[in-house]
Each structure stands twice: as C-alpha cells, then as structure tokens.
Number of protein chains: 2
Amino acid sequence: MTREKPVAVPDETGGIDLGPLADSLGFLFRVGQVEVFEMFFEQLGKLGLKPGEFSVLWVLHLNPRVRQGAVADTLRIKRAHMTKLVRTFEEEGLITRAIPDDDRRGIELSLTAAGNAFVQDHAEAFFATARSETDRLSPDEAQELIRLMQKFTRLGGET
Amino acid sequence: MTREKPVAVPDETGGIDLGPLADSLGFLFRVGQVEVFEMFFEQLGKLGLKPGEFSVLWVLHLNPRVRQGAVADTLRIKRAHMTKLVRTFEEEGLITRAIPDDDRRGIELSLTAAGNAFVQDHAEAFFATARSETDRLSPDEAQELIRLMQKFTRLGGET
DNA sequence: AGAAAACTGTTTCCTTGTAAACAAAATTCT
DNA sequence: AGAATTTTGTTTACAAGGAAACAGTTTTCT
C-alpha cells in the first residue's frame, strides 16, 4: 500500500505528498468545509453570525411550526445538540415552542417577531457570502459542483 | 429575502423547504462530510479507526521527518490540536519526535516500526472505504466531483 | 551586537458536538 | 384492553476542536 510514484499528485501542499488521500471524498469534504468556514467568518465574523445557528432559524422561517427533530434530521444536527440550540434560541426570545395536541411527544418550533426580524436582517448577507464562496470556480464549474454534491447528499432530487 | 416559489427545490428533506440553503457550498460541504463520516464508521467503526488520526499517520508514512506544523497546515488541523494528537501517538508508541539541529523550534515526526505496521495494516481498508464512498455517483461524476473539490480546496494543482 | 519581529509548538480555558441512558407519549401486536 | 416496541425530546458525562496567551528559537533591522 506504499505508493510507487509520488510524482502523480501535483499539489499545493507545501511539498507534502498526500498520495490517494488527496482523492478521498472524506478528506476533500473536510478541507472544503474548513475552507468555506474560514471565508464565512472573514466576511461575517463581525456580525457574530454562525452558519449552523442561522441555518436553523432560516429553516424555521421557511417552515413555520416544523418539528424540532425534523429540523435536526434535515440539517444533520444530532437531536441532543438540537435541544441545546433550541433552548438558547428560546432564551434569546427568537423562537417559541408549542406542543401539538395530536402528538404530545413532538415540539413545534416557530420564530417570534424578533426571530423573523433577525432572519430578515441577516439573510441577504448570509446568502451573498454563500454565493461568493463559488468565486474560486467558473460559474459552470460551481453549478456542477453544487449539482454533484446535492446528488451525493441526496438533497437534489434525482438529478 | 423570503422566497416566493417553494416549488423550485424538489428534495429529499422530508418535506422541509431549505430554499437557497440547499445550494450553498457551506451547507453541502457539511452535510457531505457528515454523510461520508457515517459511511466510514459503518464500515470501519469496529477497527477503532478514525479518519483524522489515520490521515496524520498516513502523511508521516509518505513523508518521514516532516515538521509537525506542516502536517497540521496541510490537513487543516489547528496546531494546538496537533500537539494533542502528537502526544497521544507518541504515548502509544506510533511516532517519534526529533528536534533538528538547524532549527530547534521545529519538531520532526517519524513513524516507529509499530507506527509503520499500523499504517500498513489499515491502509488497504481505509482507502477501499474511501473509494466505495463514490458509489452514489457514476464513475464520471465521481471523478468530476473530486476534480472540482480539489480545485476548490486548491489541492489539485491548476486543474 | 542588540532590540524588535516572526515563527513554532505548548498550555489553559472554552465552545461545539456526541454517546448513552432516560422519561413521556404514541403505536403495534396480540 | 394491555404489554411490548417505537418515537421524540432531554439530561448527563465526555470527546473533539479552537482561541488566546505564553515560552523558546530564529530572523530581521538598525
């Protein structure tokens, strides 16, 4: 399993040979996420906006009265962690929790007026930054990358 | 910033509308990484193999006597965290640390015999799993996804 | 030479996220 | 109906990872 031709991968790694690691999805997903994260905070760090937290509020904005577990499953947040996020948002007055009569296990989340205002105030900057992250690629490449990632994550229908 | 046509994104989200979030690289990178991680542990969890830790040992295998900070920078691990990983590996007898005479700030890492054996023993399974992660896409799509992620992360030369 | 700046790794403290056991409610299966 | 199973969310205890301050070493700039 030792590679014979370290020549094969011309990279920007400061001379470190990664071998087949540079072709592995797990590694590329991780590096990509770190990279995007850094770009995000360079542009929006001053606002104290965090991608994960905003995503939750955004989903509540588009899907009022959604179940908290459904949000967790969709955003790939563990339910134990979701509990903490929800409590924090509630303490901050951004969301309300309601137990529906037809299934008293679940909890339906909705944005308060303050929560909606928060989303309205930050959505433009958030998505503008998201769009600017594709600047490293040509528009065609960016579109294709998004399509392939959506297919891989099964988020893009049957594309 | 409220969307007018929730119809636009046919997804596998259990009916939850994500809007433009489903097109954002940050979100897709995160979901992709979680997904790959889960696949990895389904297949290799029993071995106690962790992708990040194995990657460090793999890089040492291909690049003996590399500086610990260079490994951290390449794998996008923070140096503070790298210190902990290195200490653990050393305690486990997998690596040795050496201070070079020409720059006594740096620390050069190398695998011990046990470290090399560990890499030899697990490399096949590790990269087989990595390859199998592309099964959700056609071979052409997988290759293109890897190419685009490498370009995005600047790991793929000037492709 | 000597002070200032930069680099490398470490430590401490803190945030984020996870795993496992749990409790309440709903569903399933006799 | 009633016991077993499943679902949903919570709690607790912990692991992973990061930020900031620090110390030793080298480099840079007078």
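Proteins come first, then strands; the chains are lettered A, B, ... in the order of their sequence lines, and each starts at number 1.
- Rounded to whole Å, the distance from NZ on B:Lys78 to C1' on C:dT16 is 14 Å.
- Between the CD atom of B:Glu53 and the P atom of D:dA15 there is a distance of 13 Å, given to the nearest Å.
- Rounded to a whole Å, the CG atom of B:Asp102 is 12 Å from the P atom of C:dT8.
- With sequence neighbours excluded, the residues forming a side chain to side chain donor-acceptor pair (under 3.5 Å) with A:Glu38 are B:Arg76, listed by chain and number.
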- line: In B/S/- notation (B base, S sugar-phosphate only, - none; protein heavy atoms under 4.0 Å), nucleotides 5-11 of chain D written 5' to 3' is --BSSBB

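- What separates CG of B:Leu85 from C1' of C:dT10 is a distance of 14 Å, to the nearest Å.
- Using a 30° and 60° split on the angle between ring planes, B:Trp58 and B:Phe54 fall in the parallel class, below 30°.
- For B:Arg104 and C:dA6, the CZ to C1' distance is 18 Å, given to the nearest whole Å.
- By the 4.0 Å N-to-carboxylate-O rule, B:Glu141 lies close enough to A:Lys151 to be salt-bridged with it.
- Here the C1' atom of nucleotide D:dA23 and the CD1 atom of B:Ile99 are 13 Å apart, to the nearest Å.
- For A:Phe40 and A:Phe126, the gap between ring centers is short of 6.0 Å.
- In this entry the distance linking CD1 of B:Ile77 with P of C:dT8 reads 17 Å, nearest Å.
- Across the interface with DNA chain D, nearest-nucleotide mapping of A:Arg30 and B:Pro100 shows A:Arg30 to be the residue nearer the 5′ end.
- At the phosphate of D:dA16, OP1 or OP2 sits under 4.0 Å from a side-chain N or O atom of B:Lys50.
- Not a single donor-acceptor pair under 3.5 Å links the side chain of A:Ser24 to the backbone N or O of A:Pro20.
- Identified under the ring-ring contact (aromatic ring centres under 6.0 Å, His included) test for residues 98-121 of chain B, with sequence neighbours left out: B:Phe118-B:His122.
- In this entry the distance linking CD of B:Gln33 with C1' of C:dT16 reads 14 Å, nearest Å.
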